[in-house]
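Just so you know, ligand 1 is whichever comes first in the structure, and atom 1 is the first atom listed for that ligand.
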Amino acid sequence: MTAILRFAPSPTGFIHIGNLRTALFNWLYAKSRGGEFVLRFDDTDQERSTRAFADQIEADLAWIGIKPDRVIRQSDRVARYDEAAERLKSLGLLYPCYETPEELDRKRKRLAARGLPPVYVREALRLSQEEKIALEAEGRKPHWRFLLPNHDGDPTITKRTEVHWDDLVRGPQTVDLASLSDPVLIRADGSYLYTLPSIVDDGEVGVTDIIRGDDHVTNTGVQIPIFEALGLSAPRFGHHNLITTIGGEGLSKRTGSLSIKALQDEGYEPMAVASLATLVGLSGSIVAVRELDTLATRVDLGEVSVSASKFDPAELDRLNEEIVHGLAYADVADRLAELDIPDREREAFWLAVRANCGKVREATFWRDVVYGDLVSGDEPDEDDKAFIDIARERLPEGPVDENTWKAWTSDLKKQTGRKGRSLFMPLRLALTGLGHGPELAALLPLIGRERIVARLGG
Ligand code: GLU
């Protein structure tokens, strides 16, 4: 059977690194099995979902290198959900409730005061037809709950009913349906919560495996009986741990914290973000992986930690740096095209400076060092001044190329007796204005004779 997986965000904000973890686990699992990956927008909440957020999510995934085989929008499929809802109603498994949120809250508080779990005790099932008509005449609109199969025919008497599944991440799981409220599937305004549409879609698309955050474990216990009520076989489930900030706070699409868009805007490389989103909280070390396909070979869902993983910005910086240091010119040519660097020198420039860039955009800094006007630093002392004068005079004739530095400094060593730091540092300071930076052997041809001479006081 072909593996079919999906990532199902609600387009109500920017996806963050935790959402990306879910998307990547599903994508990597599908691709490593020659399967399909579906992007499904859970946009039944018309007020909070927007097309712009959906488009941004697609763009974020494309930036990472994830291209869905299919895109589905729940807002296009409401008729299918209506059919499923009618079916459940005709089976007596979807029933109308008229309590307002305040009434429900009072009920929960009363139960809590008596030391009872805050479970909905199905008062709505006792309403007569006349009572329902009277409530609707008052202007109340019902919301609809699914009757969980946790009883022996009389829903007012519940009994322990275990739902089991073998979780791809957490191993054998059990949820007791008697400990849960009947889930609301349809809101009073007629819109669907994600629960039922998700089941209808997963069934119709033939989703084989659902990998999602462990905040959905209880939902799985609720969704499995709904799959069964609709005559669908439930897919396999896997619930991975969530990512929090370094301070332990949860991430939210609405606040935009650690959004993929923000990380992109801050100049991080997609594979640094993907490596961290995938490998944090696994048993191996977090390494910078350059290709999504390679990442697939490193993920074993059974190894994912069951406690939350912290997102450490310093870790992302480290991974990014490692990726940037190995980026070929072809990988950055587009981005460097905007920098004012002579065409024929671009590649040599990148190869010279990449090991000194934590982000590709730092190339701008080195462009200014090589081609710009140097801000003069501290004046060299008399000795160094004299040395620099000699250096200027003894700059080898002919084109300045990758051999010039070696020839030049060997000669200066002989002439002046200087070596090591006292030989190189005054030259570095004079030529770049800095005490650190890329190899001078590689920079010299880019700085060029004219600027070298000028920077040495000529
Ligand atoms: N839209 C749901 C969410 O973002 C989907 C959950 C699921 O993957 O089933 O939480």
| Looking only at protein heavy atoms, which one is nearest to atom 4 (O) of ligand 1, and how far off is it? | Ala8 O, 3.4 Å

| field | Arg6 neighbourhood, listing ligand 1 atoms whose heavy-atom distance to it stays under 4.0 Å | value | 7 (C), 8 (O), 9 (O)

| task | Examine the side chains of Gln74 and Tyr192 and answer whether a donor and an acceptor come within less than 3.5 Å of each other. | result | no

| request: Flag the pair His216 / Tyr194 as yes when their ring centroid distance falls below 6.0 Å, and as no otherwise. | output: yes

| Which residue holds the protein heavy atom closest to atom 10 (O) of ligand 1, what is that atom called, and what is the gap in Å? | His216 NE2, 2.8 Å

| said: Using modelled atom types and a 3.5 Å cut-off, is there a donor and acceptor pairing between side-chain atoms of Asn320 and backbone atoms of Glu269? | reply: yes

| query | What distance separates Glu321 CD from Tyr268 OH, expressed to the nearest 0.5 Å? | reply | 10.5 Å

| In terms of atom number and element, which parts of ligand 1 are under 4.0 angstrom from non-hydrogen atoms of Asp42? | 1 (N), 2 (C), 5 (C)

| task | Number the atoms of ligand 1 from 1 as they appear, then name those within less than 4.0 Å of a heavy atom of Arg212, with their elements. | result | 7 (C), 8 (O), 9 (O)

| Quick one: does NZ or CZ of Arg21 land under 6.0 Å from the six-membered ring centre of Phe25, within 45 degrees of the ring axis? | no

